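Beneath this line is the structure, given in structure tokens, with notes to follow.
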Amino acid sequence: MVDIDEIRKRAQQAKERAAASMQKALEKSEELIDRMEVSGSEKEASPSAAEAEEQINASTQRQVEILGQIFGADGMAQMAANEELLQKMVDAKVAEATASTAEDLMGQLFGEDMGVLAAALEMLEAEDAGEEDEPVFDFELEQNLYTTLEEAMARLEALPEPEPLPYQKNDPRWERFGILLSGIVSNLNSHDLSGMDVEEHIPVMEQKIVSIVRRSWGIDGRSDLLDMIRYLAQEGYILRYQLYGEAASPEELMDEDMDEDDRESTGRAWRFAQRYKNQYAPGFMAGWDIGRAAMLTRWGCYLGWITESEAVGILWDLSQKAAEELHSWREFAQSYLFGGLMWKLLCGDSSAGSYLGYIADAATDLLTGKPEQDGGQWRGCPWPARRKIGFGG
């Protein structure tokens with residue numbers, strides 16, 4: 001005989017334990033959110049205003065990412081919503097008790113849904129317990145990051161890649177290519193790359209994407225989204241790198257309202273541009289700008305802020321620019337590394353070395369991974385060969 005009262009009591013105790021852990025996680029969310037990888041926030045009018053870009057987590061940290069981003073997005077209001085969701089889940093499952101054995105029912109109550117929450121909360125606590133002070137962002141670290149960048153770019157250059165192939169104007173491969181331009185961010189966040197939707201349409205994932213787009217990009221709807229995509233496609237870091245490279249001194253890029261941190265960050269980015277301006281033209285930044293714009297396009301479509309036909313059109317335009325400025329997936333990935341380091345220098349983020357490693361690993365998986373393990377997507381879609389005279393028939 002199933003003891004409904006006992007089951008309800010145990011379920012309530014589990015919910016209360018989860019809620020207590022959520023509260024603890026919420027109190028630390030401001031620290032955790034700074035370490036989330038959401039790829040390329042452009043909110044930084046100055047480096048000190050920058051928030052986390054891409055959620056740099058290995059696939060084993062996916063549950064941490066989901067819980068952390070949900071909690072950080074809407075604070076106590078989101079906490080209340082999650083608690084309400086838990087309560088509804090408990091009530092719904094208990095209502096099925098008369099048709100289940102006690103063992104089956106407890107498996108439902110404390111199975112996949114509660115297991116995801118418990119595992120994620122445990123990982124949040126473990127990660128927090130292992131935190132250490134980040135190194136000081138000094139000149140030595142800055143020089144070491146240049147070495148890290150150059151070594152990562154060299155490793156990517158050595159990866160195998162199919163030869164570029166010509167695409168006709170109406171080639172259906174353009175649509176696939178456009179989706180794959182979001183590959184690095186998608187890989188880092190374990191997003192689906194088989195179609196336009198980044199995730200299954202379930203509340204927890206929709207909340208996750210809303211959190212990413214709102215908190216780290218400052219985008220709160222269709223108008224903001226289109227403005228940001230337009231900025232990335234027309235200006236972005238291509239223009240920023242050009243301006244920093246043309247400046248005779250970092251002081252030319254500063255204004256009287258900048259505090260000391262802002263001035264130091266400007267100096268770091270200026271030195272970066274000066275170091276590489278003779279080796280890499282501004283157009284080399286295209287991968288960094290386009291990759292993030294493509295990801296925003298897919299996120300916006302997933303959230304219903306733009307239609308799928310609009311997203312296809314935007315990705316078409318981004319694809320043409322990518323094919324015009326760059327020559328291969330390897331070069332696209334190198335561009336993403338390059339822009340990512342400049343962004344981190346502006347942010348004053350001393351964990352930039354690890355960030356570059358995550359990007360390089362994602363690009364390697366996209367070029368050399370096994371399809372059965374959701375890898376190798378770039379290898380399956382050759383880069384469009386550059387055309388000298390328009391498109392053929």
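Nothing here was measured: the structure is a model prediction, and the numbers come from that model.
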Rounded distance [0.5 Å steps], [atom1] in [X] versus [atom2] in [Y]:
X    : Y    : atom1 : atom2 : answer
F272 : L346 : CZ    : CG    : 9.5 Å
M295 : H191 : CE    : NE2   : 4.5 Å
E175 : L180 : CD    : CG    : 11.0 Å
Y241 : W288 : OH    : CH2   : 15.0 Å
S309 : I314 : OG    : CD1   : 9.5 Å
N187 : L366 : CG    : CG    : 5.0 Å

With a 4.5 Å limit on heavy-atom distance, are the side chains of [X] and [Y] in contact?
X    : Y    : answer
L232 : E235 : no
S350 : L141 : yes
M254 : P250 : yes
K321 : E325 : yes
F338 : M342 : no
Y146 : R271 : yes
P282 : R240 : no
L145 : L149 : no

Donor-acceptor pair, [X] side chain versus [Y] backbone, under 3.5 Å?
X    : Y    : answer
D289 : A233 : no
Q274 : G245 : yes
D365 : D361 : no
T297 : A293 : yes
S335 : F284 : yes
D255 : M258 : yes

Side chain to side chain contact (heavy atoms under 4.5 Å, CB included) between I184 and I359: does it pass, once the steps are laid out? CA-CA 7 Å; I184 290 177; I359 293 175; 4.2 Å; yes

Under-4.0 Å salt bridge between [X] and [Y]:
X    : Y    : value
R298 : E199 : no
R386 : E324 : no
E310 : R222 : yes
E161 : R330 : yes

Y167 and W383: aromatic ring centres closer than 6.0 Å? no

Worked verdict on I219 versus L296 for side chain to side chain contact (heavy atoms under 4.5 Å, CB included): CA-CA 10 Å; I219 295 173; L296 283 172; 3.9 Å; yes

How far apart are the C-alpha atoms of Y244 and E252, what are their side-chain angles, what is the distance that settles it, and do they pass the side chain to side chain donor-acceptor pair (under 3.5 Å) test? CA-CA 9 Å; Y244 277 64; E252 289 186 16; over 6 Å; no

Would you check, one step at a time, whether the test side chain to side chain donor-acceptor pair (under 3.5 Å) holds for T266 with R263? CA-CA 5 Å; T266 300; R263 298 177 71 85; over 6 Å; no

Evaluation steps, ring pair (Phe, Tyr, Trp, His ring centres under 6.0 Å), between H327 and F332: CA-CA 8 Å; H327 302 83; F332 177 85; over 10 Å; no

Does atom CD of E372 have more than 12 heavy-atom neighbours, drawn from other residues, nucleotides or ligands, at distances under 6.0 Å? yes

Looking only at heavy atoms, what is the nearest atom pair of [X] and [Y], with distance?
X    : Y    : answer
L326 : G283 : CD2-O, 4.4 Å
A152 : A360 : CB-CB, 4.3 Å
A352 : L341 : CB-CD1, 4.2 Å
P164 : P384 : CB-C, 4.3 Å
A333 : W378 : CB-CZ3, 4.0 Å
R230 : D227 : NH1-OD1, 2.9 Å

Connected via hydrophobic side-chain network under 4.5 Å: I212 and I202: yes

Within 45° of the ring axis of F177 and under 6.0 Å from its six-membered ring centre, is that where the NZ or CZ of R173 lies? no

Has R176 got its NZ or CZ under 6.0 Å from the middle of the six-membered ring of W174, at an angle within 45 degrees of the ring axis? no

Walk me through whether V198 and D192 qualify under side chain to side chain contact (heavy atoms under 4.5 Å, CB included). CA-CA 5 Å; V198 296; D192 187 7; 5.9 Å; no

For S182 and S186, run side chain to side chain donor-acceptor pair (under 3.5 Å): C-alpha distance rounded to whole Å, both residues' side-chain angles, the deciding distance at 0.1 Å, then the answer. CA-CA 6 Å; S182 72; S186 294; 3.2 Å; yes

Checking salt bridge (Lys or Arg N to Asp or Glu O under 4.0 Å) for the pair R275/E142: CA distance, chi angles, key distance, verdict? CA-CA 12 Å; R275 179 185 179 97; E142 187 179 323; over 6 Å; no

Test side chain to side chain contact (heavy atoms under 4.5 Å, CB included) on L226 and W305; report intermediate values, then the result. CA-CA 9 Å; L226 294 175; W305 293 349; over 6 Å; no

